[in-house]
Structures are given as structure tokens and as C-alpha cells.
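Atom set for the values below is all heavy atoms of this structure, side chains included, hydrogens, waters and symmetry mates excluded. Proteins come first, then strands; the chains are lettered A, B, ... in the order of their sequence lines, and each starts at number 1.
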Amino acid sequence: MGLVDRGRLPKPLTSLFNLGRSYSMWVYQWGLACCAIEMGAAFGSPRYDVMRLGVIPLPASPRQADLVVISGTVTDKMAPAIKRLYEQMPEPKYVISMGSCANCGGPYWDSYSVTKGVDQIIPVDVYVPGCPPRPEALLEGVVLLQQRIKNEDMGARWRGEGTVAMSAIDGEAAERGGVPVVAN
Amino acid sequence: MSLLGDRQQLSYIAAQAADARVNVELETEGMTLNIGPQHPATHGTLRIIARLDGEQVVWAEPSAGYMHRGYEKLTEVRTFPQVTALVNRIDWLGSFANEVPFILAAEKLMGVEATPRAQHIRTILFELSRIANVSLFLGDLGVQLGAVTPVFFAFRDREYVLNLIEAATGGRFHPNFDRIGGLKDDLPAGFIDETRNVMKKLRGFCDEMEDLLFGNEIFQSRTRGIGVIPKDVALQYGLSGANLRASGVDWDLRRDQSLPMAWDKVDWKVITHPDGDSFARCWVRLQEVRESTRIVDQLLDTIPSGPVMVKVPKIIKVPEGEAWVSTENPLGEMGYYVVSQNDQGPFRVKIRSASFNNISIVPWLLKGVYVPDIITILASLYFILGDIDR
Amino acid sequence: MEVFPLSQTDTTEAPRDERREGELAALLAALGGNVADSLLKPNDDIWVRVTAETWRASAEAIKSLGYTYFCFLSAIDWMPSPFGKGEDDPTQPAPERKTDIVQGYAGGETRFQLLARFVKPFSSSGVNVKCDVPADSLTVESIVPVFAGANWHERETWEMFGINFAGHPDLRHIYLPQDFEGHPLRKDFPLLARIVKPWPGIVDVEPLPGDDSEEDGE
């Protein structure tokens, strides 16, 4: 109907779609190094279950995934593979960068073979700091991403602008409600 | 009674036979199969390039380096405590075990020895990290061979061990707890009783794994006789750890080397297996986890009291010299050759990691095996990418 | 700067280590004229330095003595790094640094030295073997025919230091991408991130609030 691409989707409908999207994500884990083990503990172990958040791990291929979690050190040799993986994912797609190696190079910031942060290659939505971050921290990252999606402007994404918020979040109201503020 | 008449049946059969004759005369072209670098069956970013003839491998080669972070160069610009923090991340499943040989080498150069209590606790944490590491191996073994259930057991039971390590050191993995001269801190209250409980649970886990996996007929037929490594080849390539002991070499660095650690104060046995195939490697590791739980139990009974740190200066300058220390890490023999020139940081550190040697045998080993057996062999050789690539 | 004392079997005041002394004697007997120097540290380890021309022959001799386990092979670059510890201020001129090359145990005469370790299985008897790499050609014989496991180690040493191995079946990059320029573990290979933005130095030796001088040192 052209409502989304012309940006004329009414706000309640956008919120409904965003709500549905944020609670039905399929996560592709790109586990590279130590953070992959914590990611495995968050996604696959019965204690820090991620499925209760509506996020299901282990898609069959990146072409079926909505969200990719890059966990571990990104080396220069591996970077083309990550770029190709990101391009294979269909829109709308989100990236969580997990661990300090993926955020900024981490403890290997001065190495000759490490890419200093995966955001040099692909756009990142949420950074989860830690070395390695606890599984709960990764789950918090997922929750923050879900909040971001709930507030997302679908028209902007259709036009290719990435993740753009519909409106600036009222920080005070959010904090009063006990919700952590999503920084855009 | 058949739907087709006799004449039609005969012509159908003749056509099939003619087809088969043609297929036999056709030459099949080799295919190059690329496994990885992102693949659920490799423990990380290992890429195997295999040239196939049908289902058999003609030539295979692992292409490492996708996790090469340049450790040896980075150690040259860091101080000893900073290197300790960095070196945790080489074998990232059993992290405490990576720090120990490095700290022992630094202590050798400085001429200090840790206090008996620190040596004891170091050994306890070392064995705990071995249990954490190998229990995930057992879980992953199932996943790689197609059995998905064991990995959930492995993650659940590993959480108990990680809780212990976190209670003692503050970090689930990457504890960064060892210091030149001892440990950073003493054990918390209640650690000993909790560890005893967890060791009981881990023994239960080993029994579960044995029932689930090792008794399974499919597992046995997939691993028995696959990837046999004879003794002399294993020694030439520098294979170590359970891989070597599964080929019948009775050599364990905990027993055959005298280091300032507490293994010689407890009673335990070295487990070997004569076969040298994949089943032997997996089986030896399972038994070693059991043996580790027994070692930890005995160590808990006999922890000496005292300080956990000798008096060392605040800013440590390690005198000139070279030292080599290697220990029996969960993956094999890990050693550090530390060259120091009277500075706060090392001059050169050569990290001898077990998986590098373990995987260097793969081109020799994979000639002539079938494609599914590639995964079995890699699973049983057990490597961690951080250990190969450093 | 103190001259590092040349090696000699240390039997004067240090405790005696008969087992290692016997091993060293057997090694020296087997290697004969190949040996340039040796060192025994009692209750520690044995170092032997052989000449570059006899590298492969020495490896064969050591293997025939029973040291059949190939532990590792690598190299050491003895030149002090012109970049120090990577803490220089990029806006200031580089500080004065020592540039003389001082080798370690069992001496040496060149900037690069090969280092390998062979062990007798079932025991903790090992020998660290060093060899001076000739400075003009930077080539040594490959010991892949002797120890098949040396294949990957020699590839890594070539990649990191630029030392060629004559007779190696397949000398190419193992860790780094094919188009990588330079040999990273050489001391004159800079860590660019540290040159652009230097590490601020040690800031973590300050005592925690409330702790007195009993703090354990870092």
C-alpha cells in the first residue's frame, strides 16, 4: 500500500509492528572468541535463557536472521567474511557488538592484525561492554535493542537510513518508570 | 504382479544398466570443499580447505590465522602483570591454566617461589579450569556428531564450576588471579565445602556423559578406528595432552616434571589408551575430568595455612635471563619461553601453545578420510582457536 | 651495561644437577664440533648453541640421542626495540635508547637467533637449541625432514621474522593475509596504534583508598 515507504504509517500501527518485531527476533550468533562462550551460555544454557525475551537463537542461515551478535575479536583476515555475512542478512537487520574486542579492539588495541572495533566495517546498534560481558549483560543489551526497535521509524529504515528513532525518548519519564534510557 | 509389462520392465532395467556403465566410465572431477571459517562444527574460526574425490579427502589443509591477535608482539610492550591479564585469553575456556606457566617462568627468573598455600590454591584453580574446559569439550563433542542434548548438560554443569572460580577470583573466565610470588587474594569463606559439592555434581555429569554419549552405538561406530595416530608420528609433530596419551604414550607433565605446584602431594593416576583413534582421545579426556575431580577433593583436604603471597617489591623488575616452563594444560602442553632483560616487562615471550602442534598434524591425518569423519577427527583432536592462532 | 657472562657448566657454588650434567655431556659428545657454546643451569635447563651450517645435522644427532618429541621452533630478535615500550609522546622527539645487541644464554653473534626445543618423551629432559642466523642471507636449513612437525613452526618463523628455510616444502603465510607486508615480530616493526596514540603508562600502582603500605605489589 505504500504506507511504510512514504512514511505515512499511523503511529499506533507503527508501534504495533515494532512491538511484534522486537519480540520475534531470530539471532545469528557470530561467535569468534571468548565472548562466544558467554554468548553460548546466554543463548544455549538453561540458566540465562534468551528465549524468554522472545529472541530465538540458531537460525539455519544468515538469510533468515534479524539480529547478529558479533562476539569476539575481529581480525583483519576475518573482516571480509563479516562484511559478507552482514550483506547477506535481509532488512530490517540489527547488530549487537559484544565484548570490548568487537567494540573497539579491546585488550588488543595495539595489535597489527586486529580490527579496532567491528563498527569500522558494519553499523552497530548496541554495544555491550565487558571482557567478557556476563550473560546477563548481553541480555540487557538485547533488551535495550528491543526498546530501540519499539521506538523505531519504519519509514526511515525502508528508505535505507538505518535505525532512526521516531521521537526523542523522554528521559525523565523513562527513568521514573524504571526503564533504562536508550541513547541514540 | 506388476504394473509394467514384462517387455517394459526389461527395457527399463537395460536402460539403467547402460546408465551405470556410462557413470563408471565417466571421470569425476575433484571438488574443493571449504569448511569454515564460520561453521558450527569448528571450535571457532578455523577454515579447512579440502579437495575431495567423491566423498574422500585427497588433500586437506587448515587455514589458521583468523583469530591471530599478535600476542608475542603485544607482550613486548607490556609489563608482567599486564601480560598475565592478556595471556588469560589464549585458551579461553580454561583461562587460569594459561597464566600459571607464565607466572612460574617469571618466578624462576626472579628466583622466588610462591608460598605453599598459594601453590596449593593455584593447583586447585588449575584443575578447576581443566574441568571447566573439558566439560565443554564433552558437550561440543555431542553437537559436532549430531547429538544436541549433551551441550545443555555441559553448559549447566559448567556454570557450577564457573561460579566457584568467580567466587574465588572475581571473574567467570579470565580470572587474572595469579601474581608473581603468589596469588592476588585468599580463598573466600565457604569455598571448600561448596567445591566439594560441585565435584560430586561433576562426577555425576561425567557419568551422564558416559551414558549419553560413549555407550551410544552411533557414537562408537563414528569414532572407533577413525583418525588413528601412531605413537612416533604423534611425537614428531609434538602432539601433547590427551591426544598423546590416547596413542599409548604414558607421559603427563604433572607427574613427570617437578614444578612448584601441588600435584606431587596427592595421589592420582595417568590415563592412557592404546588405540590412538578418535574414541580413545574422547575417552581419555572424560576419564581425566573424573581424575581431576578426585585431585581437587584431595587437595581441598590438605590446604596448608599461611600467606598467599611472598614479599615482592611493588614494582617488579625481573632480572636478566631466559626461562622455559611448560605445564599440562587442558589442551595439552602449554609453555612459555620468557626472555627478560631486567625490565618491568619481558623482552620476548615465545608462547608454545598446544593446539598449534595438535592441528599441524591435520594435513597428514586427513588424507583419505570421508567428509563426515573430518568433523569427527577435528572434534576429537580438540583445539581452541585462540590457542592455535595466539 | 653489564656484559652477560658467557656460559660454563656451573658447578662451583650452585647445587649439582647430575642428571642434567650427564645429558649435557651426551649431547656435546654427539654434536661434537657443531657446538658453538652451551649452558647448564642446575635444576633448570640445558641450552646448546650450534652453528648455522650444521643446524639440520645437529637436529638429526639430537633426535638420534632420544629427543624425539618436537616441542617448538621459533626465533629471537635481540635488537632492542627503537620504539621502547610504546609509550613515547608522538609530539616530542624520540628519546635516546640503547642500540647494542646483547644475546642471552649460550651467547651468540648475530641479531637473529633460532630457538628450538626437543624433549625426551616420558621424562622432563629437554634441550633448548639455539643457532645464529647468518646476517647476510637470513637462511637456515629446514628441519622438516627430521621432525615433520617443524613445518608449521618454520612457516610461522618465516612469517614473523623473515628467516628463510632452505628445503622447506611450502613456505608461505600461515597467520597473516597473503598481502601482508613486513615481518611483525622484528623489533623494528612498529605497532602503529601505539605510535599514533601512546599508552599513558602504568597508572595502576596507586594504593586503593584505605590500604596502607601492606598492599601487595603489582
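Heavy atoms closer than 4.5 Å to chain A are found in the side chain of B:His174, but not in its backbone. Interface remark: B:Phe153 contributes no atoms to any contact with chain A (heavy atom separation under 4.5 Å). Only the side chain of A:Tyr112 comes within contact range of chain B, judged by heavy atoms closer than 4.5 Å. Contacts between B:Leu93 and chain A at a heavy-atom distance below 4.5 Å involve the side chain alone, from C-beta outward. With a 4.5 Å cut-off on non-hydrogen atoms, A:Cys101 does not touch chain B at all. When heavy atoms are compared at a cutoff of 4.5 Å, A:Ala36 does not approach chain B at all. In this structure, chain A has a heavy atom under 4.5 Å from the side chain of B:Glu166, while its backbone stays farther away. For A:Pro62, no part lies under 4.5 angstrom from a heavy atom of chain B. At a 4.5 Å heavy-atom cutoff, the contact between B:Arg172 and chain A is made by side-chain atoms alone. Of the atoms belonging to A:Pro107, heavy atoms from both backbone and side chain fall under 4.5 Å from chain B.
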TODO: Walk me through it: do B:Asn329 and B:Asp91 pass the test side chain to side chain donor-acceptor pair (under 3.5 Å)?
DONE: CA-CA 9 Å; B:Asn329 272 40; B:Asp91 165 12; 4.9 Å; no
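For the pair B:Arg47 and B:Tyr66, the cation-pi test (distance below 6.0 Å, angle within 45°) is failed.
Using cut-offs of 30° and 60° for the angle between ring planes, the B:Phe102 and B:Phe80 rings count as parallel.
Not a single donor-acceptor pair under 3.5 Å links the side chain of B:Ser95 to the backbone N or O of B:Pro175. Formation of a donor-acceptor pair under 3.5 Å by the B:Arg130 side chain with backbone atoms of B:Ser292 is not found in this model. Using modelled atom types, one side-chain atom of A:Gln146 and one backbone atom of A:Ser22 make a donor-acceptor pair closer than 3.5 Å.
B:Arg390 has its side chain within reach of B:Phe356: a pair of non-hydrogen atoms, C-beta onward, lies under 4.5 Å apart. Between B:Arg179 and B:Ile103, every side-chain heavy-atom pair lies at or beyond the 4.5 Å cut-off.
Annotation: maximal heavy-atom pairing with chain A below 4.5 Å, among B:His68, B:Arg69, B:Arg89, occurs at B:Arg69. Ranked by non-hydrogen atom pairs under 4.5 Å with chain B, the options A:Glu38, A:Arg134, A:Arg47 are led by A:Glu38.
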